[in-house]
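Accompanying notes for the structure given below.
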Amino acid sequence: MEIDKAYSPQEKEEKIYTDWQKKGLFNPDTLNRKGAKAFSIVLPPPNVTGTLHLGHASMLAIEDLMIRYKRMQGFDTLWVPGTDHAAIATQNVVEKKIYNEAKKTRHDFERDDFLSLVADFAEKSKETIRNQVRKMGSSLDWSREAYTLDEVRSKAVKKVFKMMSDDGLVYRGYRIVNWCPRCHTTLADDEIVYKETKSKLYWIKYGPFVLATTRPETKLGDTAVAVNPGDERYKDMVGKKYMIPGVLGEFEITVIADEAVDPVFGSGAVKVTPGHSVVDYDMAMRHHIKVKKIIDEDGRMMANCGKYAGMTTFEAREAIVKDMQAMGLIEKIDEDYDNKLSVCYRCKTIVEPLPSSQWFIDVNKKIIKKDNKYFKNGASLKEVSLKVVRDGEIKIIPERFEKTYFQWMENLRPWCISRQIWFGHRIPVWYKKQKSFLVMASRHGEAKNNHEKLLNSDINYRSYTLTEKGRADIAADAERLKREGHKFDIIFTSDFERTMQTAKVFAEAFKAEIIPEKRLREVGMGEFDGQEDVPEGPFDQLRNNFEGWHHNSPKGIESFDSLKIRVESFLNEIKAKYPDKKVMIVTHGDPLRIINGYGTDFSDEEIFNLGFPGVGEQIWIDLARKKERVVTEEVLDSSEWEQDSDTLDTWFSAGLWSFTTLLPKDWDGKDFKSADMKRFHPTTVLETGYDIIFFWVARMILMTTYVLGEVPFENVYLHGLIRDIDGEKMSKSKPETSIDPLDAGNKYGFDAVRLSLLIGNSAGNDIRLYDEKIESYRNFVNKLWNVARFILTSVSDISVDTKNLVGDTLADKWILSRFNTLKREVTRLLDEYNFSLAGEMLRDFTWYELADWYLEIAKVEKNKDAILMSILKEVLAMWHPFVPFVTEAIWSNLNQPEQLIVSAWPETQKDFIDEKIEKQFEVIKQITVGIRNVRAEYNIPYSKDIEAIVAVNSDAEMIESNQDVVKRITRLTEFKVVEVAKGTEYPQPEGYVSGGTFSLGTVFVNLSGAVDLSKERERLQKELDSLEKYLSGLEKKLSNDEYVKNAPANIVEADKARQLESQEKVTSLKAQIAELK
RNA sequence: GGGUGGCUAGCUCAGCUGGUUAGAGCACUUCGUUUACACCGAAGGGGUCGUAGGUUCGAAUCCUAUGCCACCCACCA
C-alpha cells in the first residue's frame, strides 16, 4: 500500500468534508435513527458582521466534538447551523462602509433601500461564514440552516411579541432609557460598558446646599435635592421647597429623603436630575418628583435651556461652568476625580440617559398561563428563569457560573426591547393614522374658594364664583389668545360655577358655543369637601400618596382610576364627534392631569407626577397623539395604518433561537409545534462563551420557558475566551500575536487548529493560543498518520477479523489492557465534558504507549495483525471527534463498509484490563530503559552491539520470554537472565556496569572493559542518595503509629511494599558500589 | 462596594472528591538518519505548587487570613 510519508491536510480536508455532506451524514434524517435517544445542539449563530475569529473556531471545535461523539454512540444527533442578523452591529458596519465608500449616511437613503444594502452585505457575510465553518470540519446539518431574520424566524418573533402583549408582559412606556447619541438608539442595561476616566468634580453653591457634581449642565433639569433620611443636618429641610439660583434664573426644587444617598459622600446632599440619570429617575418616581428633559436624542441641550439650547452637553458644561463662576456659584473644582463613564458597548460613545417612549418587557409581572407548567399557578418571567436553574432543570458547566446567573437575573430590570434603528425585526404594532386635533384646556380663573383656600368638589353642596381677579385674568387671557389668532367654536366646560363663568368669558370673546360637561368636574374630595385647602393638608396627603389613591377611594376621595375613566371617555368622544371644530376645554386641576397625560406612554403614576397648570393657565394637547394601536402579526392597510418605526433588540429573536430553528421551512406560523421540536427540543447542550451568558443564555431561558413551557436546553457548557500569547485579547491592532483561524488552518491543517483549541481548554477558563502550540498539534496529527502508515504497511491483511482478539505475548496483553483502560476513561471524561483531559489521555496513549512501545515491539514480534488493526480502527474512532479529517483520511484506506463519522464508538472490553500484566510489562520497560541509559551515559551508538545480563529474584521466565523484544529494541547481541535467590546479590560481572536496579533486580550492561569506575561510582552513588532519602521518608511515615492506625489499609500496604522494594534496591546498589572499589 | 477565576519547571498549562519520589507540551542540554514518522527517536537538567497560619497521621489538593494579576456585577453624585 502506498501512503504518503507526511500527512498533508490541504489536499484532503475539503474533499472529505464534501463527501460527508454529499452523503447526508450530518443530517439525522439520512441516518434514520428516529426513536433513538436524541442529542441536539443549536449553533450559537455568528453575527453576519463579517468573518469568523478564534472564538468561533473554539466553539465549532467543541460542539463538533460533542456531536461527533454522540453520533458515533448512536444518538439521533442534530446540530443546527445559522447566523444572527445582529441588528445594531451589522447596521453599524454597513453604515461605516457606505460612509467610507461614498461619504453617505443612512439618512441619505430610503429605509427600504438602505435595508437592501444591509441585506446584501448580510448575504455575503453568510456565505463567508458558511465556508469558514465548513473548513473547521463542523458536521452541521445544513439542510436546516436558519437566520434570525428570515421568514420563519420573523413569523415567530411577531407571534411571540403578540403573545407577550396579550399577556401584558410587553408594554410601551415613557421611561428613562440608556441612549446612544451616535447609534441613535436605546441600549439595554447590559449593552453598556464602563470606562474609567478622570473627570472634574464641581462643588456648586446650590441655595442652602453645597453639593458636588460631575455634570453641572444637568442643573437645568434639576427638580429636587436628595439627602439621606438619617442625616441630621438636613432633617428639617426634607419635604420643603427651595428656590435655587441658576444660570437661567431661579428654579424650584423639593428636598427629598432617600436611602440611595450616601450621607458620607460629599456634602451628603445630591442634586436630582430625573430626566438624565437612572438613579435620579428612580428616586423621582419614589417621591413623585417631576421629570424634566433637557437633553435631546442628539446629545444636545433642548429648547428649554435658553441660551444653551443647541449646544452639546460638553459645550454646555463649559459655558455653564463659566457663567456659574461669574455668578459666584462654584465653590471649588476637584480635578482628577475618578469616574466611571457609561459608554455604548458597540461604538464606545458616552451613553446619555434620557426619558423616551419605548417598548419594554415586564420581567416582574406575575402572569398565569394554564397551558404552561411554569406559569400555571402564576409566576413572573424572572421567577421562572431563576427556578429552572435552581431546580437543576438546566445545568450550567462550570457550576460557578450559576451564581453569576442568579445574581444577574435577580437584579434584572424591565428589558427595553425597542431600538431606533432600521435593521432588524420591525415591531409588529400598528397605529391608526389620524388627523391632528389640537385642543386647548384651561383651568378656571381664581375663584372665591381658591381665595379663601377651601376645598370644593360637591356641586350640589356649594359652588363658588370667580373673584374679580379671576375674571380679569381670564379676560386678559382671552384677549391674548385672540391676538395670537386662535379661534374656538365650542367650549366644553365643567358645570361648576367657576368653570362656567370662565367659559362664558372665553365664549364671549370667541363667539363660541358652551357645552357643560359633567365628566369635567373636579375630582371628588369626599369628606374633605368644604375643609381648608392647604398644601400638604390632609386631602393633599392622601391624594399625593399615589399607591393609596390610584385604585382606591380613601375617605370618599374619588380614585385616580375613576377620574381618568371619565375624563378620557370625554376626550375620546369629542375627538370622534367634533373632528372639524376648534375645541376649548375648561376644567379643574386634577382633570387637567389626565388631559396632560392623554395619549402619552406615561404610566398612571407618571401622569399624576406631571401635575397641572395653575389657576387661569392653559395647556395645548393634540388629541391625535392617542392613537388606536394594534399588535398584530398581519400587515395592515397602509392607507389607514402605519407600523411602529422601531425595531426589536436583536436578543429578542436570538432568545427564541433554540426552538425557532426547529420549525419547518414552510412553517404556517400557527403554533410552535413541529416534528423536529418534538424530536430535538429541549436541546441537549447549549455551548457558548461565558461572555454572553447574560445577553443570550439568560434571555433564551426567559423567553423559551414563557413561550413553550420548556427549558431551551438541559445543559449549558461555557467556554472561555481565546487570548494571545501574552494573555491579552486578540485584536487587529496587534497582528503579530493575533491568529486568524483560517490562516492557521491553511498552514497547519484544521485538525491541528481544532486540537489546539480542545486540549488545554477547560470549561469557563480562558486559553492562550500561539503558533508553536498549533504546530505541536500539527506534529501530533502527523504522528497519528505515521502510526497508521506503519500499521497498514506492516500487517499482511488489513481486513483481518478483529472480533475475537487474543493476546499471545506480554506486550499484546499489555497493550490490550492499556487500551481498554483508555477506552473506559476517555468515554467517562467525554461524558463529563472534560474534553481536554480526554484528548490528553488519547495523545499519551497513542504516542507514548502505542507508538513508542507497542509498535516498536511489533517490529520484532510478528502475527499481530488482528490486534494492530483492531487498535488502529478504534483509536481512529476515538480520535475522530477531535480530528475528523485525518482520521477519516486514514480510515479510507481501511477498506471499511461505512465512513468513520458514522461508525460506532468503541466498547470497553473490561476483561482485557489486567493490572498484573501491566506490572510485568513495567519490568520489561525498566530493563529496556536501563540498557538505553547505559548507552546514553557511555555514548554507545546503536550501531555498536552490546551484551546485557539481568539478575532477578523472580519472574525470570517472564523476562526471558520477552528477551527478543528487549534485544531488538536496545540492540543487544546477548541477553542473559539470571535468577538469584532472594536476599543474595548477583556479583557484578567484570566489564559490566549497572543499568539500574528495578523492582525485581538489576540489569548489567557489558562495556567490554571500557568501564569508567569513578563515573560509575558517581552515578550509582547519586541514585543511592536519592533512594535513601526517599526510603527514610517512607520509614518515618511507616513508623508513625498514627499513620498506620488512621490511613486506609491499602495505602499503608502500598507504602510497605514500596519500602520493601526500596530496601532491596538500596542493598543491591550498596553492593554494586562496593564491587567497584 | 460585592463577586469570580488564576498564581505549580524558563514559557503555556494538567493535577486539586487529601495518600506513588508533583506531570505534559514548548524551550534547553547530550546523543542518534535503528527499513512509520527529523512534523522523528533515546537519555537528561529544571519546581520547598504566591505568602502566612490552621485542620489532619498525611495538604499543590480542605479551612482562615493575606499579596499580586485578570475578569464580572453595582445607583456613590
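Per chain, numbering begins at 1; letters A, B, ... match sequence-line order. What you see below is based on every heavy atom in this structure, not just the backbone, and it leaves out hydrogens, waters and symmetry mates.
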Practice prompt. Establish, with yes or no, whether the OP1 or OP2 oxygen of B:G41 is under 4.0 angstrom from a side-chain nitrogen or oxygen of A:K783.
Written response: yes
Worksheet, complete the sentence: In whole angstroms, the gap separating P of B:C26 from CG of A:L769 amounts to 15 Å
Practice prompt. Start with the C-alpha gap between A:K12 and A:D751, add the side-chain angles, then the distance that decides, and say whether salt bridge (charged side-chain N to carboxylate O under 4.0 Å, His left out) holds.
Written response: CA-CA 11 Å; A:K12 316 248 180 201; A:D751 282 332; over 6 Å; no
Worksheet, complete the sentence: Between OH of A:Y405 and C1' of B:C72 the distance, given in whole Å, is 17 Å
Practice prompt. Check every atom of B:U12, B:A14, B:U20 against the side chain of A:N765 and return the nucleotide holding the closest atom.
Written response: B:A14
Discussion item. For A:F401 and A:Y690, take the angle between the two ring planes, folded into 0 to 90°, and tell me which bin it lands in: parallel under 30, tilted 30 to 60, perpendicular over 60.
Written reply: parallel
Practice prompt. Answer with base, sugar-phosphate or nothing: what part of the nucleic acid does A:R843 contact at a heavy-atom distance below 4.0 Å?
Written response: sugar-phosphate
Discussion item. Under 5.5 Å centre to centre and under 30° between planes: does that hold for A:Y1043 and the six-membered base ring of B:C57?
Written reply: no
Worksheet item: Can you tell me how far C1' in B:G18 sits from the matching atom in B:U61, rounded to whole Å?
Response: 6 Å
Worksheet item: Which nucleotide in the list B:C72, B:A77, B:A43 gets nearest to the side chain of A:T404?
Response: B:C72
Worksheet item: Is the shortest side-chain N/O distance from A:R935 to OP1 or OP2 of B:A43 below 4.0 Å?
Response: no
Worksheet entry | Integer angstrom distance from the P of B:A24 to that of B:G46 | 14 Å
Worksheet item: Within the structure shown, what part of the strands sits under 4.0 Å from A:I791 by heavy-atom distance: base, sugar-phosphate, or nothing?
Response: nothing
Worksheet item: When rounded to the nearest 0.5 angstrom, what is the spacing between CD in A:E11 and CG in A:D4?
Response: 6.5 Å
Practice prompt. Remember a base hit wins even if backbone is also touched, and classify A:N339 as base, sugar-phosphate or nothing at under 4.0 Å, heavy atoms.
Written response: sugar-phosphate
Practice prompt. Identify whether any heavy atom of A:K1029 sits under 4.0 Å from a base atom; if not, whether one sits that close to sugar-phosphate; answer base, sugar-phosphate or nothing.
Written response: nothing
Fill in: Between B:U35 (P) and A:R971 (CZ): distance, integer Å
8 Å
Worksheet entry | A:K5 vs B:C40: side-chain N/O to OP1/OP2 distance below 4.0 Å | no
Worksheet item: Given the C1' atoms of B:G15 and B:G3, what is the spacing between them in whole Å?
Response: 26 Å
Worksheet entry | Check: A:Y405 and A:V716 side chains under 4.5 Å, non-hydrogen atoms | no
Worksheet item: Looking across every strand, which nucleic acid part, if any, lies under 4.0 Å from A:Y206 by heavy atom: base, sugar-phosphate, or nothing?
Response: nothing
Worksheet item: Reckon A:A1054 touches a base, only the sugar-phosphate, or nothing at all at heavy-atom distances under 4.0 Å?
Response: nothing
Worksheet entry | From B:A43, B:C73, B:U35, nucleotide with atom closest to A:F694 side chain | B:C73
Discussion item. As an exercise, state the distance from NZ of A:K205 to CD1 of A:I330, rounded to the nearest 0.5 Å.
Written reply: 9.5 Å
Discussion item. Side chain of A:N779 only, heavy atoms from C-beta on: which candidate in B:C76, B:G5, B:C39 is closest?
Written reply: B:C39
Worksheet entry | Heavy-atom donor-acceptor pair, A:D334 side chain to A:Y337 backbone, under 3.5 Å | no
Worksheet, complete the sentence: Between CH2 of A:W847 and P of B:A42 the distance, given in whole Å, is 10 Å
Worksheet item: NA contact type, A:V261, heavy-atom cut-off 4.0 Å: base, sugar-phosphate, or nothing?
Response: base
Worksheet item: Considering only B:C39, B:C37, B:A74, which nucleotide approaches the side chain of A:Y194 most closely?
Response: B:A74
Worksheet item: Does a side-chain N or O from A:R789 land closer than 4.0 Å to OP1 or OP2 of B:C37, or not?
Response: yes
Practice prompt. Check every strand shown and say whether A:N1046 touches a base, only sugar-phosphate, or nothing at a heavy-atom separation below 4.0 Å.
Written response: base
Fill in: Distance-only donor-acceptor test (3.5 Å): side chain A:K729, base B:A70
no
Discussion item. Students often get this wrong, so: under 4.0 angstrom with heavy atoms, is A:A851 touching a base, only sugar-phosphate, or nothing?
Written reply: base
Worksheet entry | Residue met sooner reading RNA chain B from 5', once A:Y1030 and A:V278 are mapped to nucleotides | A:Y1030
Practice prompt. For B:G44, take OP1 and OP2 only and decide whether either is under 4.0 Å from a side-chain N or O of A:N933.
Written response: yes
Worksheet item: Which word best sums up how the rings of A:Y7 and A:W785 line up, parallel for under 30°, tilted for 30 to 60°, or perpendicular for over 60°?
Response: tilted
Discussion item. Measure CZ/A:F780 against C1'/B:A38 and give the value in whole Å, please.
Written reply: 18 Å
Worksheet, complete the sentence: From the candidates B:C39, B:G3, B:A77, the one with an atom nearest any side-chain atom of A:T214 is B:A77
Discussion item. One thing to verify: whether A:R828 and A:E825 come together as a salt bridge, which I'm taking to mean a side-chain N less than 4.0 angstrom from a carboxylate O.
Written reply: yes
Item to complete: Give a yes or no on whether a donor-acceptor pair under 3.5 Å exists between the nucleobase atoms of B:A36, that is its base, and the side chain of A:E856.
Response: yes
Item to complete: Scan A:S762 against the nucleic acid and name what it touches under 4.0 Å (heavy atoms): base, sugar-phosphate only, or nothing.
Response: sugar-phosphate
Worksheet item: Heavy atoms under 4.0 Å, any strand shown: does A:K271 hit a base, just sugar-phosphate, or nothing?
Response: nothing
Worksheet item: Is there side-chain contact between A:V272 and A:H287, with at least one heavy-atom pair below 4.5 Å?
Response: no
Fill in: Closest to the A:R768 side chain, choosing from B:A43, B:C13, B:C75
B:C13
Worksheet item: Please give, in whole Å, the distance from B:G25 C1' to A:R778 CZ?
Response: 14 Å
Item to complete: For B:C39 and B:U33, measure between their C1' atoms and round to the nearest Å.
Response: 16 Å
Discussion item. Need one value for A:D852: base, sugar-phosphate or nothing, where a base atom within 4.0 Å counts as base even if backbone is also close, heavy atoms only.
Written reply: sugar-phosphate
Discussion item. Distance check needed: B:C31 C1' versus A:N939 CG, whole Å only.
Written reply: 6 Å
Worksheet entry | Upstream residue (5' side of RNA chain B) when A:S267 and A:K1065 are each assigned their closest nucleotide | A:K1065
Worksheet, complete the sentence: Whole-Å distance, A:K925 NZ to B:A43 C1', equals 15 Å
Worksheet item: Is there a side-chain polar atom (N or O) of A:Y942 under 4.0 Å from OP1 or OP2 of B:C31?
Response: no
Discussion item. Categorize A:Y848 for me: base, sugar-phosphate, or nothing, with a 4.0 angstrom heavy-atom threshold over every strand shown.
Written reply: sugar-phosphate
Discussion item. Please pick, from B:C57, B:C39, B:A14, the nucleotide with the shortest atom-to-atom distance to any side-chain atom of A:A1047.
Written reply: B:C57
Worksheet item: Mind checking the P distance from B:G23 to B:G6? Whole angstroms is fine.
Response: 22 Å
Practice prompt. Under 4.0 Å between any heavy atoms, over every strand shown, what does A:E402 touch: base, sugar-phosphate, or nothing? Just pick one.
Written response: nothing
